[in-house]
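Order of the sequence lines sets the chain letters (A, B, ...), proteins ahead of strands, with each chain counted from 1. Heavy-atom basis, side chains included; hydrogens, waters and symmetry copies ignored.
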Amino acid sequence: MEQREVSGESRGLIPPHLTLLGLVCAMIAVLVSSPLTPTGISWMILTVLLWALFFGTGLKDLLVFTGALLLLFLPLFLITWGVKILSLQGSLPERLWIAAAVPASLVSRGLMLSLLTVTTLKRLSEAELHEGLCRVPGPPVLAALMTGIVFQIRSLSGETTRMMQSIRVRGHKKSAFYSMITALPTVWLPRVLFRSHRLSDAMTVRGLETTAVPFQRYGFSLRALLTSALFLLWASVSVVLRVML
Amino acid sequence: MTTPLLSIVNLSVPKKGRAEPLLDKVTLFVEKGERVALVGLNGSGKTTLLGSIAGLFRHEGEIRVEGELLTSKSAATIRGKLGYLFNVPEDQLLFPRVLDDVAYGLIRGKVPLARAHEKALEVLKTLGIEQLAHCTVHNLSHGQKQRVALAGALITGAPLLLLDEPSAALDPVAKMQLAKVLRGITHAGILCATNDLEFARAFCHRYIFIEAGKVVPELVDEAAILARWGLSDGRSPV
Ligand SMILES: Nc1ncnc2c1ncn2[C@@H]1O[C@H](COP(=O)(O)OP(=O)(O)OP(=O)(O)O)[C@@H](O)[C@H]1O
Ligand SMILES: [Mg+2]
């Protein structure tokens, strides 16, 4: 068995927790930019593109993510738009235009934030993400909690995949996804609940609540320092841009 | 008389909303260096018994490990004396990378990281899976996960090993390899839930038979157990 392939510009450049710092900075950049001005929207797109470049995410992947996320956000956009249109007064074309502003800014922000997260998670291996989370300064309990969250997400997705497979193998006519949604409350939930119960038993027996997990130390690296400084600079420039424009 | 490594006296585990308990007045002892197979059909209470020793269930009666009585206060200390293999191995794998998960038991005991990793590699090697050290836990096969979980249970050299069906997912080669590893453990006591009598025969000193939550003290050898199951024509139940 092989470890996940090591690739992308970010690999080995900086330790994982600094990568997470970068993610936070990029998110700040997106959050402070106004999605309704040309400068703001360009700054947001530039941030996402640079981030993708940093991780070596291919253009094709980026387009696929964008498409999938747009589909995900479409219902939200339509609902908020519809509600807003009904609450406004004036001619219809005018109302259509004005009402679009709020949902458009909501969706574009959500889209950019999700793109940042997805590109990061795609590139970081699980072990790196885990290490990054645990290295964020704070009490050990917090790190244990974060470890728990990562694991819950991982085990939930594993559980879901296995259930989808079993639903498919056991011959449901409808698509597996549809069956899973309808089976959600009766099958999925109890399973997940029992599983988390067993997981917490295992954490108790192995003493994970009380132990902080150490990692190997990273030596001082100029590259890491410069990259982190760049992240912080990017976030600050975003704030300045927002205040001045 | 020396204190037994594990002593259980009149242990009962009540079942919520039901008259008959999950475990009913169980009494048993395991000495240091002793390897005991806990045998019983599905639902007989093997997993419940092992879980009670780790303090996972509300119980009545007395459980002692190295003479220390299990209470809600002493539970953490007692867990520190256990190497525990859960029935579902993926439940107990708590780290993304195999090496980190196996080394964790030592790290919990404040062993330096590099030393812990070194020791983890050794244990993985004795179980024949050192090539998995850098793999992502979630991508392993079921049997591989079980062997990784075992490595994590064995690494600390805990005085009492509680193993819940350790051979369940193993291939025949891995199974006999594990039996050999367990035979080599002389510093600890082992209580191993299993219905795989061939596997049990390969490393255990004796059997404890459990049925519907009760230990049946007169059933102490393989032939008697097979007869009880109506399988005495020599066919193994596995
Ligand atoms: N959380 C629970 N709540 C109520 N009853 C339970 C619970 N867990 C197990 N039981 C019941 O307790 C009994 C003993 O279960 P246990 O898991 O100890 O059996 P086992 O001997 O380990 O079986 P197997 O060989 O299938 O692993 C079963 O009848 C089971 O239905
Ligand atoms: Mg069981």
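- When every heavy atom of B/R108 is checked against every heavy atom of A/V205, the shortest pair comes out as NH1-O, 3.6 Å.
- In terms of modelled atom types and a separation under 3.5 Å, the side chain of B/Y104 and the main chain of A/R206 share a donor-acceptor contact.
- Between the CZ atom in B/F57 and the CG atom in A/D201 there is a gap of 7.0 Å [rounded to 0.5 Å].
- Few gaps surround NE2 on B/H187; more than 12 heavy atoms of other groups in view lie less than 6.0 Å from it.
- Looking at heavy atoms from C-beta onward, B/F86 lies out of side-chain contact with A/R198 at the 4.5 angstrom threshold.
- Only the side chain of B/L56 comes within contact range of chain A, with heavy atoms under 4.5 Å apart.
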